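So you know, we letter chains A, B, ... as the sequences are listed, proteins then strands, and number each from 1. Predicted model only: the values in this text are computed from it and were never measured.
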Protein chains: 2
Amino acid sequence: MITLTERQSLILKAIVRDYTEGGNPVGSKSLVQELPIKVSSATIRNEMAHLEALGLIVKTHLSSGRIPSIKGYRYYVDHILKPEKVDSKDLKVIQHSLGGEFHKIDEIVAQSADILSQLTSYTTFTLRPELKHSRLSGFRLVPLGNHQVMAILVTNNGDVENQTFTIPNDLTGDELEPVVRFIDDQLIGLPLQDVLAKLQQEIPLKLSHYLQNPDGFLDIFGSVLSKAASERFYVGGKLNLFDYTTKQNPQEMRSLYSLLDQTDNLANVIGSPGQHIQVRIGNEITNDLLKDYSLITATYDVDQHGQGIIAVLGPTAMPYSRTIGLMGAFQRELARKLLEYYRYFDE
Amino acid sequence: MITLTERQSLILKAIVRDYTEGGNPVGSKSLVQELPIKVSSATIRNEMAHLEALGLIVKTHLSSGRIPSIKGYRYYVDHILKPEKVDSKDLKVIQHSLGGEFHKIDEIVAQSADILSQLTSYTTFTLRPELKHSRLSGFRLVPLGNHQVMAILVTNNGDVENQTFTIPNDLTGDELEPVVRFIDDQLIGLPLQDVLAKLQQEIPLKLSHYLQNPDGFLDIFGSVLSKAASERFYVGGKLNLFDYTTKQNPQEMRSLYSLLDQTDNLANVIGSPGQHIQVRIGNEITNDLLKDYSLITATYDVDQHGQGIIAVLGPTAMPYSRTIGLMGAFQRELARKLLEYYRYFDE
DNA sequence: GTTAGCACTCCATTAAGTTAAGTGCTAAAA
DNA sequence: TTTTAGCACTTAACTTAATGGAGTGCTAAC
C-alpha cells in the first residue's frame, strides 16, 4: 500500500493535470512555477525520483520530463481525484436532450450515448436496463396478405418488438388464432426470462394439442421473444476516435474502429452492472486493442426495473475529474427519465 | 478529341496497369521490358513526352516516372479498358450470397452492398428500386395496450413498414376502425406516390366525416407512409476506407469517414438511376472530399418494378477493368433475384 | 532537509552528402 | 523520318553529422 506525503501528492496531481492538458512530459522547472509550495527545482527532482521509484511516474527517455504511469493514474483516480461538479451549461444540455418525447426506451438510451459522447468528445456506450425482468404483456400475430404475418410482442414497459415472417406452408392464419389465445392466457404477466425457459419445456408439449406441427409457430414466437429479451448496446461518438486515438498506422486504426461495431465483444469488455463507477486504465482493460486507453463504466439504477450501464472510452490521459463528474450527472438524469417512462406504462 | 496511335495506347495502358498494381510511378525502362514492342527506352521516352503533352500522364517531380492523370484515367476507361470477365469463383460468391432466403427487399439490397465491398475491397453503396411505383396493399392499426398502437403499412411487393405510436389523447381505438376501413377502401392499389399526394389534399377533408380532429391520425398515417416511400441507402465496407485512403491526417480521415454516414449527402453525390455504368474520376465527383477517389455507379433494372443503383467508391488508381466486370455481374444477379422476389409477392 | 551548480543524456531539427531512378536532349545510326 | 546510344542533369529518399534545448542525477555546500 502506497502512501504519499502531502507534497508528493500535490506533485503527482500536477503532473497528471499538466500532461492531460498539454500532452507533453512535465519537467521539474515548470512544476516549481505552478505549485503552491516554495521549493527549488532540485527538491522537486528529488521528490520526482521518489515517485518514480514507486512506479507512479515514468520517463519517456533517460533525460526527459515525467508522465504518469498506469499505476500513477490509478493512484490519482483512487486517492486524489475529486469528481468535478457539473457545469450548469452541461447539465442543461443533458436535461434538454432527455426532455423530449420518446417512443421507446431504446431511443432514450441510444440518445444518451450520443449526448454523452458530445459532452466528453470521447466514445460512449450505453446499455438499457436489463430486459429479463420485463414481463410479457401481449402477443399478436397480424396477417399481412398472402404470404406474410407480423408477430408483435409487447412488454409491461411499453417495449414493442416485432418481426415479419413468411408464413410456413403448413400453417394458416385460422389455425393460429387459438394458439395466440393460448399464449396470452398462459404466459402474460411472466418475466421474459421465464417465458424463454418455458419455451424449451412445457410450451411445445402443450402446443401439440392445437397444432400438428408446432415447429413453424415456435420458430416465430421464439425468434421475436429472444430478440425482445436480448441485451441492446448503443455506441456514440465513434468518429471521436479519430481525435483521441494514439494509433498512427491505418491498419491499427481499422481494427480498433471495427471493434466498435462488434457489440458482443464490447459488451464482454464492459461487463455487467456492478459498482457505482469503475475506472479501468490501460492494460486493466481486458482487450489488447484498448490497452492504451481508459474505460470508465457507471451503473445506473432504475429501482425495481433493473440496472443499466453507461461507459466512456477515451485516452489514458483524460480529464478524469470532469468525465466522472459528467457521468455522475448523466447517471442520475437518465435514471430519473427512465423511471418516469416506466411509470407511464406500468400502471 | 484525342487520338492515340496503337503504340501510345499500349504505353498508356501499361502505365495505368503498372501504377494501379504497384503504386509507383512508371519509368521508361520498366516499360520496355514488359511491352510487346521492340523499341528502346529512348523511343518510349519520346512517346511518353507526347502523352504528357496531351495531359494524359504526369510526373510527380521533374525527373520522376509517370503516373496517369485524371484525364489519362478517363481516356483509359473510355477507350482502352475492357470489362474483365468475372472469375467463376467470384460469381459463385455472388450467387451464393443472394441465394439465401430473405424476408425483405432491403435485406437483399443491404447484403449486396456488403458482398460487393468484400469482393472489391472498397466501399460500396446500394439503393433499392424506387418505391414510388409500389402500390399500397394494406394498412392496419393494431392496439397494443393502454397507450400504444402500431401502424402497419404493406405494399404489393411485400414491403412492410411499421411504427409504434403513443396514442393521442383525443383518439380511441374504436373511433379508428372506420377510418382504417376508409383508407383500405379508397387507397389500396394506388402507387404510394399518389397516396402521398392525396394525403395533402382530399384525405383530410374526407376524414373529417369520421373524426372530429383528424390530425392525430393523419400524423400517424403520414409518418408511416413517408417512411415507406423514402429512399433507402445502404453502405458496405466502410472499414475498407482505412485501406485505400490517401489521407494521412486523422482529421481529414474523420471528415471523409463521417461522409459515409450522411446518407442524404451521399445520395446526392451518387445521383439518380441513369446510364448503365458510369465512371467518375477524381474531381469529376461533385464532392470535394472525394476528389482523390473514383466512383463507379451502375443502374440495375427490375422491369416494371423500377431501377436501383449499386456504386463503388475506391482510389483513382483502381483496377477498373476488374471492378467494372464485377459490377456488371452483380447488376445482373441482383436484378434477377429481385425480380424473383417481386414475382413471389405480386401475384 | 534543501539548494546551487554542473556534467551528462537524449530528442529534435537542420545541414550536407550519397545513391538510385528517371528524364530530356543531342548526335549518330537505321 | 524514326530510332537509338549516350550523357548531363534533376529529384526523392536515405544516411550521417552537427547543434541547441530541455531535463535529469549527483555532489557539495547551506
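- The interatomic distance linking N46(B) (CG) with dT1(D) (P) rounds to 15 Å, in whole Å.
- A side-chain donor from one of R254(B) and N240(A) sits under 3.5 Å from a side-chain acceptor of the other.
- Atom CG in D18(A) sits about 16 Å away from atom P in dA22(D), given to the nearest Å.
- Each of R66(A), E47(A), R45(A) was evaluated against S28(A); a single residue qualifies, R45(A), per the side chain to side chain donor-acceptor pair (under 3.5 Å) test.
- Using bins of under 30°, 30° to 60° and over 60° for the plane-to-plane angle, the ring pair Y122(B)/Y244(B) lands in the perpendicular bin.
- Around CD of E34(A), the count of heavy atoms belonging to other residues, nucleotides or ligands within 6.0 Å exceeds 12.
- In this structure, Q8(A) places its CD atom 11 Å from P of dT2(C), rounding to the nearest Å.
- Following rounding to the nearest Å, I44(B) (CD1) and dC25(C) (C1') show an atom-to-atom distance of 17 Å.
- Counting only distance, with no hydrogens or angles, the side chain of S9(A) and the backbone of L4(A) share no donor-acceptor pair below 3.5 Å.
- Protein atom NE2 of H50(A) is 18 Å distant from nucleotide atom C1' of dC26(D), rounded to whole Å.
- In this structure, I37(B) places its CD1 atom 14 Å from C1' of dT2(D), rounding to the nearest Å.
- At the phosphate of dT3(C), OP1 or OP2 sits under 4.0 Å from a side-chain N or O atom of T43(A).
- No side-chain donor-acceptor contact under 3.5 Å links S117(B) to the backbone of T124(B).
- The shortest distance between side-chain heavy atoms of R7(B) and V39(B) falls below 4.5 Å.
- Atom CD1 in I67(A) sits about 16 Å away from atom C1' in dT24(D), given to the nearest Å.
- Under a cut-off of 6.0 angstrom, the local environment of NZ in K238(B) is crowded, with over 12 non-hydrogen atoms contributed by other residues, nucleotides or ligands.
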Can you tabulate the close N/O pairs, meaning under 3.5 Å, that link protein atoms to atoms of nucleotides 21-23 of chain C?
| from | atom 1 | to | atom 2 | distance (Å) |
| --- | --- | --- | --- | --- |
| dT23(C) | OP1 | R66(B) | NH1 | 3.4 |
| dT23(C) | OP2 | S28(B) | N | 3.3 |
| dT23(C) | OP2 | S28(B) | OG | 2.7 |
| dT23(C) | O3' | K59(B) | NZ | 3.4 |

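- Taking atom CD1 of I15(A) as the reference point, atom C1' of dG23(D) lies 13 Å away to the nearest angstrom.
- Between T246(A) atom OG1 and D292(A) atom CG the span is 4.5 Å, to the nearest 0.5 Å.
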Dump the pairs, protein N or O against N or O of nucleotides 14-17 of chain D, anything under 3.5 Å, distances to one decimal.
none

